[in-house]
**Q** 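My structure is below; once you've seen it, I'll send some questions.
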Amino acid sequence: MRHHLSGRQLSRNSSHRHALMRNMSVSLLRHETIRTTLPKAKELRRVVEPLITLAKNDGDANRRRAFARLRDAQIVEKLFADLGPRFRTRPGGYTRILRMLPRPGIPLPWR
């Protein structure tokens with residue numbers, strides 16, 4: 001039974017899932033937009049939003065915590081220099097998921 005186990009498995013083992021979320025987080029913070037599947041995007045929100053909240057208060061400890069999650073010094077600098085101050089007055093909900101139309105030849109799942 002899966003009592004009290006949160007998060008999606010995404011058909012991956014735990015190390016693959018952590019690497020996937022780390023790579024997608026870095027890509028999202030670098031480009032500020034990415035194209036991915038809906039379950040991955042929903043799971044990515046749970047990783048990126050706490051990082052942006054962390055970046056709202058600049059400090060050595062917060063920078064180290066962000067670097068431990070992302071392992072990319074350039075992205076940590078962008079997170080604390082650009083993204084944190086940009087969302088300082090916003091109490092959460094920094095990301096938005098937009099659904100794209102499916103590829104041609106694939107029927108719409110919501111019709």
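Excluded from the calculations below are hydrogen atoms, water molecules and symmetry mates; all remaining heavy atoms, backbone and side chain alike, are included.
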**Q** Show the nearest heavy-atom pair for residues F80 and N57, with the distance to one decimal.
**A** CE2-O, 4.0 Å
**Q** Which heavy atom of R69 sits nearest to which heavy atom of R22, and what is that distance?
**A** O-NE, 3.0 Å
**Q** Would you sort out whether I97 and L44 count as a side-chain contact (heavy atoms from CB on, under 4.5 Å), showing the intermediate values?
**A** CA-CA 10 Å; I97 296 174; L44 185 61; over 6 Å; no
**Q** With rounding to the nearest 0.5 Å, note down the distance linking CD1 in I75 to CZ in F67.
**A** 11.5 Å
**Q** Using the side chain to side chain donor-acceptor pair (under 3.5 Å) definition, which of the options R45, K56, R86 pairs with Y94?
**A** K56
**Q** Apply side-chain contact (heavy atoms from CB on, under 4.5 Å) to residues R46 and S6 and explain how you reach the verdict.
**A** CA-CA 11 Å; R46 298 181 63 212; S6 63; 3.5 Å; yes
**Q** Looking at every non-hydrogen atom in both residues, tell me the closest pair between R12 and L10 and how far apart they are.
**A** NH1-O, 2.6 Å
**Q** Tell me if the CD atom of Q74 is crowded by more than 12 foreign heavy atoms within 6.0 Å.
**A** no
**Q** Taking all non-hydrogen atoms of both residues into account, name the closest pair between L54 and A66 and its distance.
**A** CD2-N, 3.8 Å
**Q** If I compare all heavy atoms of R8 with all of R17, which pair ends up nearest, and what's the gap?
**A** O-CD, 3.2 Å
**Q** Test of understanding: clusters of I, L, V, M, F, W, Y form through side-chain heavy atoms closer than 4.5 Å, transitively. Do L38 and M21 belong to the same one?
**A** no
**Q** If you compare all heavy atoms of L83 against all heavy atoms of I52, which two are closest, and at what distance to 0.1 Å?
**A** O-CG2, 4.5 Å
**Q** For R88, I'd like to know if atom CZ has over 12 heavy atoms of other residues, nucleotides or ligands within 6.0 Å.
**A** yes
**Q** Could you grab the distance from atom CG of L20 to atom OG of S15, nearest 0.5 Å is fine?
**A** 11.0 Å
**Q** Using a 3.5 Å distance criterion without hydrogens, assess whether the side chain of E49 forms a donor-acceptor pair with backbone atoms of G92.
**A** no
**Q** Nearest 0.5 Å, what's the CZ-NZ distance between R30 and K78?
**A** 8.5 Å
**Q** Using the rule salt bridge (Lys or Arg N to Asp or Glu O under 4.0 Å), only one of R64, R65, R63 pairs with D58; which is it?
**A** R63
**Q** So that I can tick it off, tell me whether E43 and K40 are bridged by a salt bridge, with the cut-off set at under 4.0 angstrom between side-chain N and carboxylate O.
**A** no
